[in-house]
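Let me begin by presenting the structure, written as C-alpha cells, before commenting on it.
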Amino acid sequence: MDLEYGPEAEDFRAEVRDWLATHLPPDPLPPMDTAEGAAAHRGWERLMADARLSVVSWPEQYGGRGASLLEWLVFEEEYHAAGAPARIGQNGLFLLAPTLFEHGTREQLDRLLPRIARAEDVWAQAWSEPEAGSDLAAVRSRAERTDGGWLLYGLKTWSSRAPVADRAFGLFRTERSASETSTGTDPGTARHAGLTYFLFDLRAPGVQVRPITQLDGRDGFAELFLDGVFVPDADVLGEVGDGWRVAMSTTRSERGLSLRSPGRFLATAARLVKLWREAGDPADTALADRVTDGWITARAYQLRTLATVTRLADGGGLGAESSVDKLIWSDLDVALHETALDLLGVDAELAGTWTEGWMFALAGQIYAGTNEIQRGVVAQRLLGLPRGR
C-alpha cells in the first residue's frame, strides 16, 4: 500500500481546496430536514455539479470527472476539513448510485444518475419495517404483478430523507420466501429468497408520507404507507427475485467505503485536538489520552481505507469486511463527540455543534445494521465462527 497520494491527487486537492474557499456559503445552510434547508442544499449540490465536483469519481457522461478512488478520498478530506454542507442527496449519491453501477441497466444509468448528481432527485432509503430493522430479510411489504409493472403494498418506517425526498428505493416480496414454501432448507438463507429491489416515486398515487419528528424537532425520517403504488418494470433494479443480492451491494456501500469516508472523522478529530488545546487541562491525563486515542483511530481508519482502495484498484471486491469498517467509524464517531462533551464540561449542556453531532453520532451504531448485527457478520463470515442462536 502506497501511503503517498501522488502529484496528480495533490494537484486535485489544491483545486478542490481553492474552489471550496471561493464558493462555500458564508453562513451555515438551514437544516436540510426543513423546506427552506432542503431547497438551499439542493442549490449547493447544483453549484458543485456545475463545477463537476458533485460526483468526482463518476464517469464524465454522468456529471463526474472519472476520478480515481484515491482522488475521491482527497475530495472527501478537503470537503469535510472545510466544514462544507452535509449532502442532501447522500442516499442517492453514496448508496443507490454504487448499486446502479453494479446492477443497473444502461437505460437506468442514463436516466437516473444525472438527476442524482444535480440533486434533481433526492432519494429516501425505504428499508426498515416495524418488524424488519437490521433483520432486513424479515420484510413483509409486497409487490404484485400488474400490466407493465408492479403494485407495491406495505409499510416502511424510519425512511431517511423521506420528508423532503422525491423517490425511494427498497426491498419488497414478489413471492413467498423459501422458508415458507419448503422444508429442509437452511433458514439462514431461505428467508432471503423471493425479494425484489424496487425504485418508486414518493409522489405517486397510493403513497402516504408521514414524517417522524425527532428529539431535535426536525423531520429527518418518515413512515411510508404504500397502497397499490404502481412501479413500471423499468424501475426494477436487478432481476425479479434477486433483490437480496442487489441489496447487499447497497449495504456494503452503507457500511463501508461510500457513506462514511475517513475525511469526515479526520476533520472531527482535528476539531477535537483544537478544542483540547484551547480548553483542555494538561493535568487531566485521562482526558488527554482519550483525545489522542480519537485522533489515532481516525488516522487508522484512513489507513485502512487506503488499503481498501488499493485492493479495489487491483481488481478486488468489497465484501463482509465492510462490517468491520462500520464498527470502526460508528464507535469512533461516538467516542470523538463524547470526549468533546466531557472536555467542555457544563458548557456541553448548551446546544451547539458538538452536542448536535453527538446526538447524530448515537444513531450511527443503529443505522446501516446495528453494531450487534455487524459483530455477528464479522464473527460468522470473517472469523468462521458458528451462527449464534
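We count residues from 1, following the sequence as given.
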From CA spacing to verdict: side chain to side chain donor-acceptor pair (under 3.5 Å), Arg111, Gln108: CA-CA 5 Å; Arg111 172 166 53 93; Gln108 288 173 330; over 6 Å; no
Is there a donor-acceptor contact under 3.5 Å linking the side chains of Asp219 and Gln214? no
Side-chain (Lys156) to main-chain (Leu171) donor-acceptor, under 3.5 angstrom: yes
Quick one: does Thr268's side chain get under 4.5 Å of Trp354's, heavy atoms only? yes
Tyr197 vs Leu199 side-chain heavy atoms within contact, under 4.5 Å: yes
Go through the steps to decide whether Ser261 and Phe94 satisfy the test side-chain contact (heavy atoms from CB on, under 4.5 Å), and finish with yes or no. CA-CA 10 Å; Ser261 71; Phe94 306 138; over 6 Å; no
Check the orientation of Trp19 and Trp44. Use parallel for under 30°, tilted for 30 to 60°, and perpendicular for over 60°. tilted
Work out which heavy atom in Pro85 is nearest to a heavy atom in Leu24; give both atom names and the distance. CD-CD2, 3.9 Å
Looking at Arg311 and Glu321, does any basic side-chain N land under 4.0 Å from a carboxylate oxygen? yes
Would you indicate whether the side-chain heavy atoms of Arg260 and Lys326 approach each other to under 4.5 Å? no
Without swapping roles, check the side chain of Arg52 against the backbone of Glu60 for a donor-acceptor pair under 3.5 Å. yes
Are Val240 and Leu152 grouped together when hydrophobic residues (ILVMFWY) are joined by side-chain heavy atoms under 4.5 angstrom apart? yes
Just checking, any donor-acceptor pair under 3.5 angstrom between side chains of Ser249 and Glu102? yes
Where the side chain of Thr34 meets the backbone of Gly37, is there a donor-acceptor pair that is under 3.5 Å apart? yes
What distance do Trp127 atom CH2 and Ser160 atom OG have between them, rounded to the nearest 0.5 Å? 11.0 Å
What I want to check is whether the side chains of Trp358 and Asp333 have a donor and an acceptor closer together than 3.5 Å. no
Give, for atom OG1 of Thr297 and atom CD1 of Ile328, the distance between the pair rounded to the nearest 0.5 Å. 9.0 Å
Does one side chain, of Gln365 or Thr370, offer a donor that lies under 3.5 Å from an acceptor on the other? no
Please name the pair of heavy atoms, one in Ala119 and one in Val122, separated by the smallest distance, quoted to 0.1 Å. O-CG2, 4.1 Å
Side-chain ion pair, Arg264 and Glu76, N-O less than 4.0 Å: no
Validate the cation-pi geometry between Arg173 and Tyr153: distance from NZ or CZ to the six-membered ring centre under 6.0 Å, angle to the ring axis within 45°. no
Take Arg65 and Phe12 through the test side-chain contact (heavy atoms from CB on, under 4.5 Å) and record every step on the way to the result. CA-CA 11 Å; Arg65 295 185 175 213; Phe12 180 58; 3.7 Å; yes
Would you say that Asp110 contacts Tyr62 through its side chain, given a criterion of any heavy-atom pair below 4.5 Å between the two side chains? yes
Which atom names give the shortest non-hydrogen contact between Ala222 and Val209, and what distance separates them? CB-CG1, 3.7 Å
For Arg161 and Gln90: C-alpha separation, side-chain torsions, deciding distance, then whether side-chain contact (heavy atoms from CB on, under 4.5 Å) applies. CA-CA 9 Å; Arg161 296 281 88 77; Gln90 67 176 10; 3.9 Å; yes
Using a strict 4.0 Å threshold on nitrogen-to-oxygen distance, state whether Glu45 and Arg118 make a salt bridge. no
Heavy-atom check, side chain of Leu155 versus side chain of Glu223, under 4.5 Å: yes
What is the minimum heavy-atom distance between Arg13 and Glu77, and which atoms define it? NH1-OE1, 3.1 Å
Residues pairing under ring-ring contact (aromatic ring centres under 6.0 Å, His included) where one sits in residues 220-241, two or more places apart or in two chains, turn out to be Trp158-Phe221
Is the shortest side-chain heavy-atom distance between Tyr301 and Asp325 below 4.5 Å? yes
Quick check on Glu144: does its CD atom have over 12 non-hydrogen neighbours (other residues, nucleotides or ligands) under 6.0 Å away? yes
For the backbone of Val236 and the side chain of Thr196, can you confirm whether one donor and one acceptor N or O come within less than 3.5 Å of each other? no
Check for me, please, whether Val309 and Leu266 land in the same ILVMFWY cluster - side-chain distances under 4.5 Å, paths through other members count. no
Ring centroid separation Phe101 to Trp58 under 6.0 Å: yes
Please report the shortest heavy-atom distance between Ala40 and Leu29, naming the atom on each side. O-CD1, 4.0 Å
Is it the case that atom CH2 in Trp276 sees more than 12 heavy atoms from other parts of the structure closer than 6.0 Å? yes
side-chain contact (heavy atoms from CB on, under 4.5 Å) for Asp201 and Val229? Distances and angles first, verdict last. CA-CA 9 Å; Asp201 193 332; Val229 180; over 6 Å; no
Donor-acceptor under 3.5 Å (Glu71 side chain, Ser68 main chain): yes
For atom CD of Glu36, is the number of surrounding heavy atoms from other residues, nucleotides or ligands below 6.0 Å larger than 12? no
When you compare the side chain of Leu112 with that of Arg167, does any pair of heavy atoms fall below 4.5 Å? yes
Is Phe200 linked to Leu95 within one hydrophobic cluster, defined over Ile, Leu, Val, Met, Phe, Trp and Tyr using a side-chain heavy-atom separation of less than 4.5 Å? no
Honestly curious: do Leu195 and Met248 fall in one hydrophobic cluster under the side-chain, below-4.5 Å linking rule? yes
Residue pair Glu129 / Ser141: nearest heavy atoms and the distance that separates them: OE2-OG, 2.9 Å
At what distance, to the nearest 0.5 angstrom, does CG of Leu306 lie from CZ of Arg304? 12.0 Å
Nearest 0.5 Å, please: how far is CG in Asn91 from CG in Asp121? 13.0 Å
Hey, are the side chains of Leu287 and Leu343 touching, using non-hydrogen atoms and a 4.5 Å cut-off? yes
Less than 4.0 angstrom from a charged side-chain N to a carboxylate O is my criterion; do Asp166 and Arg115 meet it? no
Considering residues at least two apart in sequence or located in another chain, which fulfil the side-chain contact (heavy atoms from CB on, under 4.5 Å) criterion with Glu239? Asp242
Between Phe172 and Phe198, what is the ring plane arrangement, given parallel below 30°, perpendicular above 60°, and tilted in between? perpendicular
If you count heavy atoms of other groups shown closer than 6.0 angstrom to CZ of Arg140, is the number above 12? no
Thr99 backbone acceptor or donor facing His103 side chain under 3.5 Å: no
Interatomic spacing from OG1 in Thr339 to CG in Asp289 - rounded to 0.5 Å: 10.5 Å
Are Ile212 and Phe360 connected in a single hydrophobic cluster, I mean Ile/Leu/Val/Met/Phe/Trp/Tyr linked by side-chain heavy atoms less than 4.5 Å apart? no
Measure the spacing between OG of Ser323 and CD1 of Ile373 and express it to the nearest 0.5 Å. 10.0 Å
